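Because the structure is predicted, anything quoted here is derived from the model rather than measured. Values below: every heavy atom of this structure, side chains too, minus hydrogens, waters and symmetry copies. For this chain, numbers begin at 1 and follow the sequence in order.
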Amino acid sequence: PGFIEGVVNNRGKAVPVVNLNKRFNMGETPVGKKTKIVVTDIDSKSVGFVVNDIIGLLKLNEGEMEAVPQVIRQMGNRYIEGFAKKDEKIISILDLKSILTDEEMEEFEKEAP
């Protein structure tokens, strides 16, 4: 798919890299000094995500998270898991498992070197 940037070697494993801007139809991501690849495990499979910047890490308690409003669910937005409010900011929490379909994950496993 067009939102796949390629594959990186992470500790000897081939890891597919997803461009979140492209996945969310937000256009190209200009690569700069702040651009990062965040690698995480999804169902025991490593996936990298290109992000524009990392401002910091935040630890949230379950009580600080709020469910997705029904109007957003009705719009078919399967990527948003919830929201949180922290220091007067509203933070969108992505469901990383829903970024790639099962079929896309299987395709990566077939194509991985």
Side-chain angles (χ1 to χ4, degrees):
F3 56 85
I4 301 302
E5 291 295 319
V7 178
V8 295
N9 181 334
N10 185 40
R11 298 182 184 142
K13 289 172 51 178
V15 177
V17 178
V18 176
N19 184 317
L20 291 177
N21 275 3
K22 288 181 182 178
R23 181 58 166 180
F24 297 141
N25 296 316
M26 296 172 60
E28 293 289 324
T29 303
V31 176
K33 291 182 181 182
K34 293 183 177 186
T35 307
K36 308 285 189 290
I37 298 175
V38 177
V39 178
T40 188
D41 287 336
I42 299 175
D43 295 332
S44 73
K45 297 171 190 148
S46 294
V47 179
F49 296 96
V50 176
V51 296
N52 298 333
D53 194 4
I54 297 176
I55 297 169
L57 298 177
L58 183 63
K59 189 172 187 173
L60 297 171
N61 299 317
E62 253 188 72
E64 295 174 292
M65 295 177 26
E66 297 180 19
V68 177
Q70 188 62 28
V71 68
I72 291 176
R73 287 204 187 280
Q74 289 174 341
M75 292 170 53
N77 193 331
R78 63 186 174 122
Y79 307 118
I80 304 276
E81 184 172 332
F83 294 95
K85 293 178 185 173
K86 192 81 167 181
D87 300 327
E88 302 297 318
K89 295 178 183 175
I90 296 176
I91 301 161
S92 299
I93 301 168
L94 297 178
D95 178 7
L96 295 178
K97 289 182 180 180
S98 71
I99 300 293
L100 296 172
T101 65
D102 291 337
E103 293 81 17
E104 290 165 340
M105 287 298 290
E106 288 174 16
E107 189 67 27
F108 288 131
E109 289 175 9
K110 287 184 212 172
E111 299 292 330

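Rounding to the nearest 0.5 angstrom, the gap separating the CG atom in L96 from the OG1 atom in T40 is 6.0 Å. Rounded to the nearest 0.5 Å, atoms CG (L94) and CZ (R23) are 12.0 Å apart.
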* To do: Go through the steps to decide whether L20 and V51 satisfy the test side chain to side chain contact (heavy atoms under 4.5 Å, CB included), and finish with yes or no.
  => CA-CA 7 Å; L20 291 177; V51 296; 4.0 Å; yes

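With contacts defined as side-chain heavy-atom distances shorter than 4.5 Å, the pair V50/N21 does not qualify. I4 is listed as a side-chain neighbour of V18, based on a closest heavy-atom distance under 4.5 Å. Residues L60 and I93 have side chains in contact (heavy-atom distance under 4.5 Å, counting atoms from C-beta outward). Side chains of I99 and F24 form a contact here, defined as non-hydrogen atoms less than 4.5 Å apart. D95 has its side chain out of reach of I80: every pair of non-hydrogen atoms, C-beta onward, lies at least 4.5 Å apart.
The nearest pair of heavy atoms linking K59 to E64 is O-OE1, 4.2 Å. Contact between P30 and T35 at its shortest, heavy atoms only, is O-OG1, 3.4 Å. Of all heavy-atom pairs between P16 and S46, the closest is CD-O, 3.5 Å. Scanning both residues, A67 and F83, for their nearest heavy atoms gives O-CD1, 4.3 Å. Taking each heavy atom of V7 and A14 in turn, the nearest pair found is CG1-CB, 3.6 Å.
For D41, there are no salt bridge (charged side-chain N to carboxylate O under 4.0 Å, His left out) partners at least two apart in sequence or on another chain. Annotation: salt bridge (charged side-chain N to carboxylate O under 4.0 Å, His left out) contacts of K36 (sequence neighbours excluded): none.
Between E5 and K22 there is a salt bridge, since at least one side-chain N of the basic residue sits less than 4.0 Å from a carboxylate O of the acidic one.
The hydrophobic cluster containing V38 does not contain I91, counting ILVMFWY residues as joined when their side-chain heavy atoms lie under 4.5 angstrom apart, directly or transitively.
Judged purely by atom type and a 3.5 angstrom limit, D53 has no side-chain atom pairing as donor or acceptor with the backbone of I55.
Within a 6.0 Å sphere centred on CD1 of I54, other residues, nucleotides and ligands contribute more than 12 heavy atoms.
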